[in-house]
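Note that the numbering runs from 1 along the sequence shown for the chain. The figures that follow rest on heavy atoms only: side chains count, while hydrogens, waters and symmetry mates do not.
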Amino acid sequence: MPQRYQFLIPWLFLVVWSSGYSMAKLALEYTLPFNLLAYRFLGAALVVTPLVIFMRLPLPNWSHAKSLIGTGIFLHLGHFGTMYVGMKLGASANIMALFAASQPVLIILTGALLAKQMPSWKIWLGLMMGLTGAAWVIGVDMQGDTGYVLGAILGFVAVVGMSIGQVIEKRRSLPLHPLVATWVQYIFAAIISVPLALVTEGIVFDPTPAFFFSVGHLIVMNTVVGILLMFAMVRSGSMSQATAIMFLVPAVAAIIAWPVAGETVPLIAVPGMLLAMAGAIWTRKVTQSK
């Protein structure tokens with residue numbers, strides 16, 4: 001991308017990241033959670049493999065591969081599997097995106113706890129703001145649906161799982177190209193998710209244009225394009241800018257969820273979304289001031 005347009009990369013990444021929630025919600029109207037998990041990671045492995053071959057990237061040894069498989073359980077299988085089950089139970093794409101706004105706080109807390117350090121009260125305050133905002137939205141959206149509440153709880157567990165995986169992966173700092181590391185995790189996720197789907201659900205899908213569009217979007221845009229945009233941000237030094245605007249994920253996801261998944265945000269839920277986003281902003285300012 002030309003230099004004068006590189007400022008757009010973090011914003012493109014924000015849109016791609018935010019779109020995944022509504023696309024998953026749409027796909028789950030035509031398939032089941034473990035099937036969607038299998039379709040996503042089998043497709044991702046097939047799409048990324050030619051990139052690894054074309055770029056002639058060195059492959060990891062078995063020791064590094066085992067480490068990648070371990071973190072992949074949290075980053076991919078645990079996160080997306082739990083999130084898809086939660087959505088199928090009734091949780092909205094909006095509440096899943098709202099939990100994502102608390103991920104920077106959870107990463108800080110996880111890192112501190114693994115290092116046996118007590119995070120400051122300011123970090124805990126950021127988490128409480130995010131969870132209070134999410135609870136507000138859940139109270140408005142659930143309308144007596146216990147499946148929605150259980151699904152929302154699974155959504156929060158999904159974000160916790162991804163945060164743990166990211167902290168562990170960052171601390172290990174394996175000497176591998178990021179694309180290779182992600183490729184190995186996709187292959188492992190496919191090896192696990194395909195038999196899991198076959199045993200528990202069978203092959204389930206409705207061959208409609210909406211199904212192929214949503215699953216294709218998850219594979220190509222959220223998996224491949226998202227990775228390439230992340231690499232572009234690393235090379236251009238704009239990762240910090242991307243982190244700075246991630247608090248906008250709930251708002252952007254809500255905008256996309258309206259036409260894609262048919263979800264709307266009642267006005268009474270807006271204060272909860274703003275409180276969760278404020279918690280993410282607060283956490284970033286606290287960490288920057290150190």
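Ile187 is listed as a side-chain neighbour of Trp183, based on a closest heavy-atom distance under 4.5 Å. Between Val249 and Trp17, the closest side-chain pair of non-hydrogen atoms falls below 4.5 Å. Counting heavy atoms from C-beta on, the side chains of Leu98 and Tyr21 never come closer than 4.5 Å. Residues Thr223 and Leu218 are not in side-chain contact: their nearest non-hydrogen atoms beyond the backbone lie 4.5 Å or more apart. Two residues are said to be in side-chain contact when any heavy atoms from C-beta on lie closer than 4.5 Å; Thr31 and Phe211 meet this criterion. Annotation: side chain of Ile95 is in contact with side chain of Phe99 (closest heavy-atom distance under 4.5 Å). The side-chain heavy atoms of Leu196 and Leu77, taken from C-beta on, include no pair separated by under 4.5 Å. Counting heavy atoms from C-beta outward, Arg40 and Asn222 have side chains that approach closer than 4.5 Å.
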**OP:** Show your reasoning for whether side-chain contact (heavy atoms from CB on, under 4.5 Å) applies to Val16 and Phe13.
**Re:** CA-CA 5 Å; Val16 169; Phe13 179 76; 5.5 Å; no

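Residues Trp258 and Val15 are members of separate hydrophobic clusters, defined by side-chain heavy-atom contacts under 4.5 angstrom among Ile, Leu, Val, Met, Phe, Trp and Tyr. In the hydrophobic cluster analysis, where Ile, Leu, Val, Met, Phe, Trp and Tyr join through side-chain heavy atoms closer than 4.5 angstrom, Val225 is grouped together with Met55.
Summarising the geometry of Ser193 relative to Phe41, their closest heavy-atom pair is OG-CB, 4.4 Å, with the distance given to 0.1 Å. Listed here is the closest heavy atom pair of Asn94 and Thr264: ND2-O, 4.3 Å.
Open room surrounds CZ on Phe213; 12 or fewer heavy atoms of other groups in view lie less than 6.0 Å from it. Within a 6.0 Å sphere centred on CD1 of Ile268, heavy atoms belonging to other residues, nucleotides or ligands number 12 at most. Few gaps surround CG on Leu59; more than 12 heavy atoms of other groups in view lie less than 6.0 Å from it.
Between the side chain of Lys66 and the backbone N or O of Asn61, no donor-acceptor pair lies under 3.5 Å. Judged by distance alone, the side chain of Thr49 and the main-chain N or O of Leu46 form no donor-acceptor pair under 3.5 Å.
Under the 30°/60° scheme for interplanar angles, the aromatic rings of His76 and Phe80 are found to lie parallel.
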